[in-house]
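Let me begin by presenting the structure, written as structure tokens, before commenting on it.
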Amino acid sequence: MSNATITVLPGDGVGPEVTAQALDVLRAVEEKYGHTFTVHRRRVGLDAITAEGVAISDRTFDICAASDAILFGAIGSLPGGHTGGGPRPEQALFRLRKEFGFFANLRPVRPPEALHGASSLKPEYLKGADLVFVRELSAGLYYGRLETVPGKPSEIRRTPGATEAVDTLLYTEAEIERVVRAAFDIAVGRTGKVTSVDKANVLSSSVLWREVVERVAGDYPAVTYEHMLVDACAMRLIRTPADFDVIVTENLFGDILTDEASMLTGSIGMLPSASLGTRRTAGGTFGLYEPIHGSAPDIAGQEKANPLGAILSAALLLRHSLGLEREAAAVEKAVDTVIADGHRTADLEEPGRTPVGTAEMGRHVVEALRHP
Ligand code: NAD
Ligand code: IPM
Ligand code: MN
């Protein structure tokens, strides 16, 4: 029996709506399998800025640190807000990722067959598509942003008559190696193929990235690998998605490619993620789990958000941080069942049919879990 502590950070916009459904599913798992999950609920993002003055307070951070896992909803600015100085909601994510050393962001893309018709691709292109992105998450262009330090600037420089801006894409060899190894390790348990995505025809950081991949690949003779330029990858993802297995890439490329890849499932609301480092928990690895989408201000508060990405993130939490593989697989199966039964939130529904709401979708998953 697992006795685990989970910190829930619902955040902004649709974050609280989808997280509530993921938490209900975790409660159903707790009940069905006899586990005990102690849940702490804390503010993050714009919600925390409004109530506590910062995107994530030290107290919240400490509560996360004392947990086995973090279940995260979404954070986000109000439309048009937060372009100037002052705290920004996104800072919460950057702090969590950096300070907890979450360098590997797993984003599985597994379009259920019943959703092939909902994708913007023709169904025949989706046959056999089942891939996982390993996005580097704690270095690269994003981390010129937090602090401007010599050699790693990210700033706008305004001087009379000439304004310029700079961002720095910096990777150490060690930062590349640990995420590439994570990708090869994952490939060993799958079909054994890694696609490393870079822009080595332009960027020095990508040339180093390739060198490291070549070296690491030597330790994995059973895994085949290829290098692919990011622009070609963007094209091939929607031409022949079934050709991919594990895709490893740097932070910003991974951010962009995974929003694109979400369309293989028909909606960004379907994709979960796990952000992992090296800290061990009693059952697995300490991690942060969130759907890949944002606060979706255009649909917030309307019961329109698809909660399945958040629910599938809870499944990843069970698997990676609590070591509960059977329970994780049961949640994933329950999601497949509700999709196969034809339940659709508005993002996936066919025109002319009435979609189910966020909470109703959550109830269907709980029901499918209780009575498989
Ligand atoms: P978004 O992901 O919030 O929304 C993009 C589009 O997808 C919108 O049309 C939205 O309605 C739709 N969508 C998103 N989630 C959905 C769901 N669960 N079900 C159905 N439809 C869904 O991206 P955006 O609008 O570019 O960004 C809004 C804010 O969210 C920004 O402030 C951004 O920084 C933030 N953001 C946060 C995260 C995160 O918390 N990890 C991720 C991405 C963006
Ligand atoms: C994501 C988001 C974040 C990112 C934003 C909110 C900073 O888009 O988690 O994919 O770019 O990493
Ligand atoms: Mn993103």
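Just follow the structure's listing: the first ligand is 1, and inside any ligand the first atom is 1.
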query: For Val14, is the nearest heavy atom under 4.0 Å from an atom of ligand 1?
result: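 No heavy atom of Val14 comes that close to ligand 1.
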
field: Contact with ligand 1 for Ile292, non-hydrogen, under 4.0 angstrom
entry: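 Per 4.0 Å heavy-atom rule, Ile292 contacts ligand 1.
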
task: Please work out which of the three classes, parallel, tilted or perpendicular, describes the rings of Phe100 and Phe286, given edges at 30° and 60°.
output: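 The rings of Phe286 and Phe100 stand perpendicular, inter-plane angle above 60°.
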
message: Once you measure the plane-to-plane angle for Phe94 and Tyr143, does it fall in the parallel (<30°), tilted (30-60°) or perpendicular (>60°) bin?
response: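 Rings of Phe94 and Tyr143: perpendicular, over 60°.
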
Do any nitrogen or oxygen atoms of [X] come within less than 3.5 Å of a nitrogen or oxygen of ligand 1?
X      : value
Ala305 : no
Lys304 : no
Ile75  : yes
Ser267 : no

- prompt: Taking distance alone, with no angle check, do Glu290 and ligand 2 share an N/O pair under 3.5 Å?
  reply: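 The answer is no, given that Glu290 and ligand 2 share no N or O pair closer than 3.5 Å.
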
task: Please confirm whether Asp255 comes within less than 3.5 Å of ligand 2 when only nitrogen or oxygen atoms on both sides are compared.
output: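 Looking only at distances, the answer is yes, because the N/O contact criterion of under 3.5 Å is met.
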
- prompt: Is Asn306 touching ligand 1 with its side chain, its backbone, both, or neither, if touching means heavy atoms under 4.0 Å apart?
  reply: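 Near ligand 1, Asn306 shows its backbone as well as its side chain.
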
Interfacing atoms of ligand 2 (cut-off 4.0 Å, heavy-atom, Glu90):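 By the 4.0 Å cutoff, the relevant atoms are 6 (C), 7 (C).
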
- request: Please could you name the atoms of ligand 2 that Phe94 approaches to less than 4.0 Å, counting only its heavy atoms?
  value: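 So the atoms of ligand 2 that pass are 7 (C).
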
field: Identity of the nearest option to atom 25 (O) of ligand 1, non-hydrogen atoms only, from Pro291, Pro297, Ser262, Gly13
entry: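 Going through Pro291, Pro297, Ser262, Gly13 one by one, Pro297 has the nearest heavy atom to atom 25 (O) of ligand 1.
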
- prompt: Can you tell which of Gly294, Gly11, Pro89 gets a heavy atom nearest to atom 44 (C) of ligand 1?
  reply: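 Of the listed residues, Gly294 has the closest heavy atom.
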
List every atom of ligand 1 that sits less than 4.0 Å from any heavy atom of [X], numbering the atoms from 1 in the order shown and giving each element.
X      : value
Glu90  : 32 (O), 33 (C), 34 (O)
Ala74  : 40 (O)
Asp347 : 19 (N), 20 (C)
Leu93  : 39 (C), 40 (O), 41 (N)
Asp298 : 8 (C), 9 (O), 10 (C), 11 (O)
Gly269 : 17 (C), 18 (N)

Close approach of Arg107 to ligand 2, heavy atoms, under 4.0 angstrom: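 Yes; Arg107 lies near enough to ligand 2 that a heavy-atom distance drops under 4.0 Å.
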
Any Arg97 heavy atom less than 4.0 Å from ligand 2: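 Flag set, Arg97 near ligand 2.
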
- prompt: When clusters are formed by joining ILVMFWY residues with side-chain heavy atoms under 4.5 Å apart, either directly or through shared neighbours, do Val18 and Leu96 land in the same one?
  reply: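 Looking at the clustering, Leu96 is in a separate group from Val18.
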
- prompt: Under a 4.0 Å heavy-atom limit, does Arg135 contact ligand 2 with its side chain, its backbone, both, or neither?
  reply: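 Side chain only; the backbone of Arg135 stays clear of ligand 2.
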
- request: Please find out if the Mn ion (ligand 3) and some N, O or S atom of Asp259 are separated by less than 2.8 Å.
  value: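 Here the distance criterion (N, O or S atom, under 2.8 Å) is not met by Asp259, so no.
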
task: Measure from the Mn ion (ligand 3) to every N/O/S atom of Asp255 and report the name of the nearest one.
output: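 Going by distance to the Mn ion (ligand 3), the closest N, O or S atom in Asp255 is OD1.
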
